[in-house]
Amino acid sequence: MEYNFAEIEEKWRKRWIERKTYRVNIDPKRPKFYVLDMFPYPSGAGLHVGHPLGYIASDIYARYKRLKGFNVLHPMGYDAFGLPAEQYAIQTGQHPAVTTENNIRRYREQLDKIGFCFDWDREVRTCDPGYYHWTQWAFLKMFGSYYDFDKNRARPIEELIKAFERSGTEGLHVACTKEMSFSADEWNKMSEEQKEAVLQNYRLAFRADTMVNWCAGLGTVLANDEVKDGLSVRGGFPVEQKRMKQWLLRVTAYAQRMLDGLNRLEWSDSLKEIQRNWIGRSEGAQVFFPIKGMEEKLEIFTTRADTIFGVTFMVLAPEHELVGRLTTPEYKEAVDKYLEETKKRSERERMADTKRVSGQFTGAYAINPFNGVEIPIYVSDYVLSGYGTGAIMAVPAHDSRDYAFARHFNLPIIPVVEGGDLSVESYDAKSGKMINSDFLTGMDVKEAIPAMIAEVEKRGIGSRRINYRLRDAIFSRQRYWGEPFPIYYKNDVAYPLPMDRLPLELPEVENFGPTADGEPPLARVKHWCTPEGYPYELSTMPGFAGSSAYYLRYMDPHNDKELVSKEADEYWRNVDLYVGGIEHATGHLMYSRFWNMFLYDLGYVCEEEPFKKLVNQGMIQGRSNFVYRIKGTKTYVSTGLKDQYDTQEIHVDVNIVKNDILDIDAFRKWMPEYVDAEFILEDGKYVCGWAIEKMSKSMYNVVNPDQIVRDYGADTLRMYEMFLGPLEQSKPWDTNGIDGVHKFLRRFWRMFFDRNGELALTEEEPTSGEWKTLHKTIKKVTEDIENFSFNTSVSAFMICLNELGNTKCNKRAILEPLVVLIAPYAPHMAEELWERLGHKTSVFDARFPEVDEKHLVEDSFEYPVSFNGKVRFKKGLSLSLSPKEIEAAVLSDPACEKYLGGKAPRKVIVVPGKIVNVVC
RNA sequence: GCUCGGAUGGUGGAAUAGGUAGACACGCGGGACUUAAAAUCCCGUGGGCAGAAAUGUCCGUACGGGUUCGAUUCCCGUUCCGAGUACCA
């Protein structure tokens with residue numbers, strides 16, 4: 001009876017759908033477990049073998065948990081709004097909904113072939129009105145909320161309005177764009193428009209005039225995480241800074257909570273580190289410097305308050321609001337010219353030459369509040385307007401950038417901390433003894449910082465301050481294929497659409513590009529306004545909007561009254577295991593946490609963090625193959641001989657190469673130009689060269705999972721992807737080892753049958769060796785799944801089979817538990833075997849085997865003791881060297897006693913320089 | 001520049017509360033079965049030296065030190081590779 005994987009897998013794919021094997025419902029009698037994959041954006045290219053890696057791992061885990069008695073929620077859906085479908089639409093006129101639908105169908109086909117246990121009844125698509133209803137709903141909730149730092153949570157904006165009516169801004173401690181100060185009286189006298197303008201300063205979803213990343217190539221604004229090296233992540237177009245009115249989400253209000261929350265999550269340290277850096281908390285002080293001849297003061301932020309006596313100049317960002325006012329007439333022309341120049345330099349250019357020093361003196365002076373010294377004020381683009389206060393006190397002796405600036409403009413450099421050689425470089429380290437610093441002199445830097453901050457506060461010229469690098473998230477996109485904002489305008493004041501009018505559906509347009517005068521595509525819609533005639537917002541929401549709360553929707557996907565019912569939320573709570581790529585560290589995984597915390601604050605969900613444990617699968621790279629053509633000929637030379645000729649390296653399709661050996665016939669048929677190719681072989685074979693590259697069509701190294709499933713079956717694909725190496729590690733796809741895994745499955749199958757293909761298991765009692773093999777494997781596989789070491793558990797199965805194969809074990813008591821054990825990895829084969837073993841129900845309704853320790857008892861063990869003139873046991877025993885004495889010492893050692901359980905050992909073998917072997 | 005990871009045979013990778021390094025698999029070599037191929041099975045496989053052989057022995061986990069009876073594992077330094085981030089005051 002051969003293992004006919006094609007037939008078996010086809011049968012069970014159908015059976016699972018018919019029987020609804022993977023449907024889940026709330027079941028209070030069983031503990032829940034929520035396993036989630038990051039849902040895919042269905043691109044036109046379909047899946048390659050790298051995509052399912054994480055899905056296979058989570059699928060194994062989900063099936064394992066189910067076998068362990070958990071009620072497992074394991075859903076799948078599609079992140080369906082997004083740029084590629086829209087770009088394609090602009091080029092071809094094909095509606096993005098159509099392209100998206102086609103791509104989804106293709107994805108589904110491919111996913112189904114791999115045998116995942118998704119509950120497809122819970123599928124969500126972010127572009128469905130029934131889904132984005134709740135994206136819009138959440139947005140309106142944010143619009144209607146503010147953040148209270150005293151209560152440390154979001155509250156309805158009505159509470160803030162009441163506070164304003166009662167006592168203005170007095171005593172408020174809330175998140176805002178800009179500090180405001182007014183009395184209750186002033187508030188009450190404001191017009192509706194004025195009040196709304198004030199509230200925009202506090203709402204968690206708000207509209208503001210800000211510097212944005214404008215990408216002309218895509219015709220839209222981008223969030224910080226969508227830009228890399230000054231280019232758009234999607235498409236690679238240049239990005240420039242532009243001032244525009246945009247919708248934003250006040251994620252900065254949650255900076256500290258998101259930072260603190262990380263400590264309670266089971267995420268990898270590297271991922272947590274990335275988020276910590278992205279939030280970028282830094283502790284320091286805000287200090288106000290008087291400006292000579294002006295009432296106004298210059299506010300700066302510094303983490304090095306201790307170095308205040310070393311300040312020799314001040315620098316403002318070019319966009320700083322004081323630049324215009326404090327520049328003296330004789331410097332006006334030069335400053336304007338400098339501002340003009342920096343404006344022209346793109347973000348990318350600025351980043352490219354960070355070493356170039358540029359700046360301009362404004363003619364104005366600040367006064368050092370501690371020693372009265374007048375300090376020149378400069379403008380320079382090395383100071384960023386978006387961080388801190390957009391102004392700094394420059395201490396060239398202890399900051400490398402200030403040092404470079406001072407050198408360039410010949411400004412004084414005053415050391416205030418001992419150490420380093422200031423003639424060469426600045427001394428930036430936060431340690432050493434203070435000098436030239438009045439009351440700080442003699443202190444260490446670590447004491448001087450708090451001492452100075454205390455002094456600043458005492459004199460009332462500033463205070464301790466915590467700054468975050470995190471910025472508010474820009475939420476508008478000037479695109480078509482996204483969620484419309486449920487917002488309309490009256491006299492340019494934004495109003496929320498009433499909740500009962502949601503969802504606000506995306507209207508049809510005949511052209512998906514921006515309008516001639518640069519308006520978003522929705523401007524083309526004739527009556528894009530409320531029934532009362534008020535115009536709707538023209539931009540749409542960004543990609544991360546739909547993916548921020550999708551894990552909640554899976555809990556209750558068909559509910560049209562709420563995002564998720566209380567019952568469903570309280571049962572499923574949050575995601576126990578989330579598997580996905582690390583590239584979402586600063587995007588989706590930040591926004592989701594923010595979004596969930598917000599819903600938590602308002603009482604809509606019962607957990608503060610959305611994803612308890614998170615595992616990042618590595619990327620699967622492509623392994624390209626090459627042939628070497630002798631230049632100017634049609635002769636191709638094998639790798640080992642290529643140095644003897646003048647050759648050209650040519651990519652060859654990896655699908656016609658096996659174990660780096662070229663299939664010559666297939667090569668001749670591959671492309672017309674190779675029909676009459678000649679070969680110079682090594683040992684009768686053509687050996688190809690290889691390299692690890694990104695998996696891409698142009699390098700002919702894309703391997704399609706469908707093809708692997710066709711040739712080897714889904715179970716082999718699943719096990720092989722796990723066998724490739726540690727899940728979290730990036731590794732090249734390489735089919736070299738796939739035969740080994742496939743061979744294992746065939747051998748496993750054959751264990752159950754005789755020559756005639758009849759099931760041939762006996763009820764005989766297994767030997768102690770067979771029991772031991774079984775339980776050793778159960779133990780190892782269980783531990784490995786719990787630790788996500790899927791690669792070593794595949795090895796454990798192979799070892800198990802090697803051991804059982806030696807004795808040709810065909811005992812039911814051993815083989816039946818192994819079927820359940822392997823079911824998470826090879827579900828199709830396990831189901832088939834389970835059925836043939838006479839079971840009427842799915843193998844996934846069985847229970848995962850438990851380890852029975854009594855079968856694992858060792859009959860001999862090694863007692864780790866070394867020998868070198870004297871012997872020291874781990875417990876700290878020390879003795880002289882005769883073997884007899886060693887034996888006595890080993891036996892009297894409490895640890896040994898524990899091993900032996902009171903019995904006398906049969907033999908103690910002393911291996912000098914090695915170990916002591918104790919045999920029972 | 002800063003932060004975080006990593007480096008083990010021809011290849012992918014095992015093994016760390018410090019205890020016989022190289023599990024498992026691929027590849028390669030040899031053999032069995034077969035008219036032949038496929039499939040299947042068995043044996044060998046880190047390197048050097050000695051030996052006809054069994055075997056013995058030395059060296060080996062990027063490099064140099066350290067702690068230890070004992071280090072792939074812990075500590076310090078160096079090199080290389082990867083990832084994140086980048087005028088963040």
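Chain letters run A, B, ... following the sequence lines, proteins first, then strands; residues in each count from 1. Fair warning: this is a prediction, and the values are worked out from it, not measured in the lab.
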Sequence neighbours excluded, which residues qualify as salt bridge (charged side-chain N to carboxylate O under 4.0 Å, His left out) partners of [X]?
X: Asp784(A); result: Lys780(A)
X: Lys776(A); result: Glu803(A)
X: Arg746(A); result: none
X: Arg465(A); result: Glu299(A)

Excluding sequence neighbours, so at least two apart, what forms side chain to side chain donor-acceptor pair (under 3.5 Å) with [X]?
X: Tyr591(A); answer: Asp225(A)
X: Thr252(A); answer: Asp472(A)
X: Asn810(A); answer: none

N/O to N/O distances under 3.5 Å, protein versus nucleotides 1-6 of chain B:
none

Base-pair map of RNA chain B as dot-bracket, where | denotes pairing with a different strand and pairs are Watson-Crick or G-U under 3.5 Å: (((((((..(((......[....)))((((((.......))))))(((((....)))))..(((((..]....))))))))))))....
Between the protein and nucleotides 41-46 of chain B, list the N/O to N/O atom pairs that are separated by less than 3.5 angstrom.
from, atom 1, to, atom 2, distance (Å)
C41(B), OP1, Arg747(A), NE, 3.4

Results of side chain to side chain contact (heavy atoms under 4.5 Å, CB included) for Phe5(A) - residues two or more places apart only: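 By the side chain to side chain contact (heavy atoms under 4.5 Å, CB included) rule, Phe5(A) matches Tyr3(A), Glu9(A), His742(A).
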Pairing residues for Asp665(A) by the side chain to side chain contact (heavy atoms under 4.5 Å, CB included) criterion, not counting sequence neighbours: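 With sequence neighbours excluded, Asp665(A) shows a side chain to side chain contact (heavy atoms under 4.5 Å, CB included) to Asp663(A), Arg668(A), given in chain and number order.
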